[in-house]
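One structure is given here, and the rest of the page talks about it.
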Amino acid sequence: MAVGSHVSESEPVISTSRPFPVWAEWVVNLLSRPLTWLWDRGFRMLGLLDAVALLTLMTTISLVRTVFDPGWATYPTENYVLGFSVATAIHVSVNYFTGLYEREPRLGRKPWLPKTTIATGIGVGVQSVAFVVLDRYLMPRWNLAVFLMLASFVLVFNRGVARRLTVRRQGPPRVVLVGDAASIDLAAQHLAATDRSAIVTARIRQPHRLIDSVVTSDATDVLLLDVTAFGSVYPEPLNSLELAGVGFLQRVSARETLLGLRSVREIGGMPFVALRSHTVPAHKVRLKRFFDLFLVVVFAPLWMPLVAGVALYVRVAAGGPVLYHQTRVGRNGTEFECLKFRTMVEDAEEDGRARLATLDDDRIVPSLRWMRSMRADELPQLWNVLRGEMSLVGPRPERPELVAEITKRVPGYVRRNELPPGLTGLAQVEGRYGTDAEFKLGYDIQYLVNWSLVIDVQILLRTVWVVLSRRV
């Protein structure tokens, strides 16, 4: 059928969803509100399914071993129950922080086995650490070896079950195709041949009518068939549709795939990547927060006396006030009061205009200049880290006036606010104090895209060298 450049073509759809028995639907409706509250905070029913399956696997391995070696169990049953329960909690937690519970588009199939194998290996490693701390195994070593070989397959099986349950309750994926007429026809043919459960509900050429088409056809997924169409859907309507739970996938050509794109998924024999308005998924943000709190609490006996000593020095050298409060832009553009040791004269901005400090700024108190070169004036921001307003590592927070000014000349500058601002960052260890904002943005985006705990540790260690060498 012909597709007009400004019209969407909706296709008749026959619902193929099969509701659960009446009693099951009643239970789901009863629990919908608390489950929605938990869902918004990272909980997934799949996590509960994994917990039951992994605990069952541990128990089954023990029972089978008992058949062949009745005398292997040397501890009371309650010891094994406790150990298996702790091990299950460890593995579900590791699964969460490795992204196994992030919402995935319903179209296409993701190769879960590599990811579940990594998660299982990390979980077994954490169990080994638990043995060192508790001086006892959470499960016997031979059981652990068998569990390591089988658990990843159990997790893959659970994801297949979850997918089937979703299709049964919600029906098959309902797809809006966006592109030129030839691309739409080809994609529809491929979907009909390979993803037979998918239903094409609308076909449009221009993305500006995308929201209307999605709402009218009650679509669950959008396929962008034009490789260059991303700019026309970001940030809107991508943000709005993502919040509504609609999956967004961008078709990529062989050229883009060969550039090293990760997480390419096959749909209808064509390569796609999932589009998200946020570069860093929720599980990584929470893992980063946990890591920050762990380091700040563990090293509190070191940094607390240091902060007190520097505060006393500032008081003696420059009088009061010791702390300087300044409004900065935090995660997702929220503003917060950032703390610093005062290193400038009072009323340094008496004209009310925000000014970037320079290396030879005459407003700096001479006896406190060393604090800026060694970043000691940033130490009070550990309190901001404890409050969750900042992180140990991340893009440095800027003042709202400066952010507004920089955003006008540096497109995409606000993307750096996807993570909490940091005490230090990649731009600080790679660049210099006076590095242009556009170049710093490049470092910040690189950090967002490639974030991992290992990168944070590397930046923290490099920051120590930057501070000791007074490199500015």
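Keep in mind it's a predicted model, so treat the numbers as computed, not measured. Along the sequence shown, residues are numbered consecutively beginning with 1.
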**Prompt:** Donor-acceptor pair, R289 side chain versus V285 backbone, under 3.5 Å?
**Reply:** no
**Item:** Approximate separation, where rounding is to 0.5 Å, of L191 CG and I199 CD1
**Value:** 11.5 Å
**Request:** Using modelled atom types only, decide if a donor and an acceptor are shared between the side chain of Q250 and the backbone of D226 within a distance under 3.5 Å.
**Result:** yes
**Plane angle bin for Y137 and F131 - parallel if under 30°, tilted between 30 and 60°, otherwise perpendicular** = parallel
**Message:** Keeping T120 on the side-chain end and L148 on the backbone end, is there a donor-acceptor pair under 3.5 Å?
**Reply:** no
**Donor-acceptor side-chain pairing of H283 and E102 below 3.5 angstrom** = yes
**Request:** Kindly compute the distance separating OG (S391) from CD (Q381), expressed to the nearest 0.5 Å.
**Result:** 12.0 Å
**Request:** Supply the atom-to-atom distance L54 CG to S85 OG, rounded to the nearest 0.5 angstrom.
**Result:** 12.0 Å
**Request:** State which residue, out of E378, E389, R328, fulfils the side-chain hydrogen bond (donor to acceptor under 3.5 Å, both in side chains) condition with N384.
**Result:** E389
**Request:** Drop me the distance from S128's OG to L138's CG, to the nearest 0.5 angstrom.
**Result:** 9.5 Å
**Request:** Ignoring hydrogens and angles, state whether a donor on the side chain of S62 or N143 is under 3.5 Å from an acceptor on the partner side chain.
**Result:** yes
**Item:** CG-CZ distance between L150 and F157, expressed to the nearest 0.5 angstrom
**Value:** 13.5 Å
**Fill in**
Rounded to the nearest 0.5 Å, the CG atom of D221 sits from the CG atom of L177 at a distance of 10.5 Å
**Ring center gap for Y80 and W72 short of 6.0 angstrom** = yes
